[in-house]
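Contents: one structure, followed by commentary.
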Amino acid sequence: MTRAVVVGGGFGGLCAARVLAEHGADVVVLEQDEVTAESLQRRGVPQAQHPHALLARGLRELEALFPGLGDELTAVGAPEADFGEVVRYRVPAGWAPRVPVGLPIRTVTRPVLERLLRRRVLADPRVTTRGGFTAEDLLWRGDRVCGVRGPRVVDADLVVVATGRHSRVGTWLRYGGFEPPKALVVDAGTVYTTREFSAGSTRDWTAVAEFPRAPGVRRGGLVVTTESGTRLVTLVGADGQVAPTTESGFLNYARGLRAPEFADVIGSGEPVGTVHRMARLHSRWTLLHRMPRWPAGLLCLGDAVCALNPVHAQGMTVAAVQAAVLRDGLAEGVAEVELQRRIAGAVGQAWALATGADRVWDPFPTPWRSRALVRVLARVDERLPGDPGLFRDFSRVAHLVDRPGPGLLWRALRPVRRGHQRGAVLDQPLA
């Protein structure tokens with residue numbers, strides 16, 4: 001491999017470009033927006049206005065890909081902290097315990113994080129970028145991909161597609177004579193409505209999360225402190241619920257949530273900018289790894305493979321894990337067909353967690369394994385407020401650090417002891 005093309009210059013594409021350059025390739029990043037190393041907002045990333053977070057596994061993988069990135073994040077105001085200490089997590093049964101869980105987390109806005117990555121990637125003389133480039137198709141030489149066609153033709157020995165949630169890779173494969181890939185789709189009808197506020201509240205947390213829970217809790221929200229000290233308030237609706245965009249409607253929707261922090265931030269802070277809304281946030285896993293044939297010279301990663309309901313904050317972490325899989329596979333000299341299977345292997349756990357509860361709202365029949373997972377997640381929600389050990393174990397699974405094992409299942413499913421705390425945990429001090 002001497003020349004590689006990455007289609008898409010967002011988070012996943014930048015991680016891929018970094019890996020390819022480190023393996024000696026001359027890399028061209030094709031991006032539909034005009035970008036430089038200092039670009040912030042991009043039209044092609046409408047979700048940039050909404051909260052983002054790097055889970056513990058994502059932080060670990062990104063630091064390995066970009067050594068010293070943690071120091072750069074701290075320098076721009078995104079300090080690292082323990083998830084259990086700084087995130088207030090509300091489930092229907094009450095508050096999760098405020099205890100250290102040994103998992104770092106950072107909240108940083110998407111444009112700032114991408115700018116840090118883009119600076120590092122474009123500082124490498126082996127990497128160039130072409131902005132304003134809309135990829136129209138792949139170039140084919142028999143069953144091999146040999147480049148990308150757009151405003152001009154770009155030849156390549158390897159093409160990596162990282163074009164996000166609305167990727168056209170399935171269409172491109174069909175144009176090349178390959179059977180279109182099948183996809184799994186789980187749609188909870190999730191809608192995000194976000195507004196930024198000055199940080200009027202001085203409570204000791206970085207983020208607050210209250211998720212919708214099928215079938216009875218159709219509203220939720222996220223509050224995330226940005227690197228600049230403001231707070232992004234996202235009101236989440238599922239199964240047809242949508243937060244209003246008017247000031248009074250936005251506040252009243254927040255007052256209807258169990259966690260008081262949402263209305264507190266809105267009432268004590270000043271709005272910054274306008275309201276932003278995103279819909280059609282279903283989870284979609286394109287099963288590229290199950291295609292009967294796979295072309296040489298092509299790989300896909302990030303949301304082009306699996307786009308998850310963003311309320312679970314797993315997308316960037318999964319993309320970072322896939323970039324690590326790409327790095328290891330290239331080092332081993334693995335063929336593209338096997339490497340694409342390995343990239344898919346990084347999706348399974350996040351997919352199960354993201355779609356477990358959402359499937360209850362989906363109108364299509366649910367597989368029995370998914371029904372079992374829904375029951376387990378419901379028991380986890382029920383037990384979390386009174387069980388710090390369960391909270392630690394589940395947090396490690398949710399951060400993709402550990403796989404769910406017998407210990408977690410036992411903690412969730414064991415009989416409730418007499419006197420076990422099952423009601424809502426009040427806003428207790430840090431344990």
Side-chain angles (χ1 to χ4, degrees), residues 7-8 10-12 44-47 50 52 161-175 178-193 211-215 217-220 234 236-242 277-292 294 298-319 321-322 340-341 343-378 398 400:
V7 187
F11 179 85
V45 191
Q47 67 269 35
H50 301 272
H52 287 75
V161 177
T163 46
R165 177 177 287 268
H166 304 294
S167 172
R168 298 180 60 212
V169 68
T171 301
W172 295 342
L173 287 167
R174 186 173 68 250
Y175 290 164
F178 286 78
E179 179 180 329
K182 297 180 180 179
L184 302 176
V185 179
V186 177
D187 189 359
T190 306
V191 179
Y192 260 26
T193 308
F211 297 139
R213 284 292 190 265
V217 182
R218 301 163 67 201
R219 296 184 177 188
T234 294
V236 181
D239 195 32
Q241 294 289 297
V242 181
R277 176 177 286 165
M278 280 194 70
R280 299 181 61 193
L281 298 175
H282 55 269
S283 296
R284 180 183 180 89
W285 187 357
T286 305
L287 304 178
L288 301 169
H289 61 293
R290 294 186 183 176
M291 291 175 58
W294 183 257
L298 178 68
L299 291 170
C300 302
L301 54 73
D303 282 3
V305 174
C306 183
L308 298 165
N309 183 344
V311 74
H312 305 284
Q314 295 170 320
M316 292 195 302
T317 293
V318 170
V321 173
Q322 290 176 333
Q340 191 63 53
R341 292 193 186 106
I343 288 171
V347 172
Q349 182 171 327
W351 173 265
L353 291 169
T355 63
D358 290 352
R359 285 184 183 275
V360 179
W361 278 306
D362 197 290
F364 296 99
T366 302
W368 70 267
R369 291 186 180 181
S370 298
R371 293 197 299 270
L373 176 61
V374 168
R375 294 190 181 96
V376 171
L377 291 176
L400 308 182

Subject >> Listed partners of R290 passing salt bridge (charged side-chain N to carboxylate O under 4.0 Å, His left out), at least two apart >> reply: none

Check [X] against [Y] and note the closest heavy-atom contact, atom names and distance.
X	Y	result
T355	S283	CG2-CB, 3.8 Å
H50	M278	NE2-CG, 3.3 Å
L377	G356	CD1-CA, 4.0 Å
F11	M316	CE2-O, 3.1 Å

For residues 305-313, dump all side-chain donor-acceptor pairs below 3.5 Å to protein atoms at least two apart in sequence or in another chain.
| from | atom 1 | to | atom 2 | distance (Å) |
| --- | --- | --- | --- | --- |
| N309 | OD1 | V311 | N | 3.2 |
| N309 | ND2 | T190 | OG1 | 3.1 |
| N309 | ND2 | D358 | OD2 | 3.0 |
| H312 | NE2 | A354 | O | 3.1 |

Are the side chain of [X] and the backbone N or O of [Y] linked by a donor-acceptor pair below 3.5 Å?
X	Y	value
Q340	C300	yes
R165	R284	no
R218	D239	yes

Subject >> Rounded distance [0.5 Å steps], CG in L287 versus NZ in K182 >> reply: 9.0 Å

Original post:
Atom CG in L299, atom CH2 in W294: separation rounded to 0.5 Å?
Top reply: 7.0 Å

Solution key, residues 166-173 side-chain donor-acceptor pairs under 3.5 Å, sequence neighbours excluded:
| from | atom 1 | to | atom 2 | distance (Å) |
| --- | --- | --- | --- | --- |
| S167 | OG | T163 | OG1 | 3.0 |
| S167 | OG | V169 | N | 3.2 |
| W172 | NE1 | E136 | O | 3.1 |

Mind checking whether [X] and [Y] have side chains closer than 4.5 Å, heavy atoms only?
X	Y	answer
Q322	V347	yes
P212	R219	no
V186	W351	yes
Q314	L353	yes
V191	L281	no

**OP:** Please test V318 against L400 for side chain to side chain contact (heavy atoms under 4.5 Å, CB included), starting from the C-alpha separation and ending with a verdict.
**Re:** CA-CA 9 Å; V318 170; L400 308 182; 4.0 Å; yes

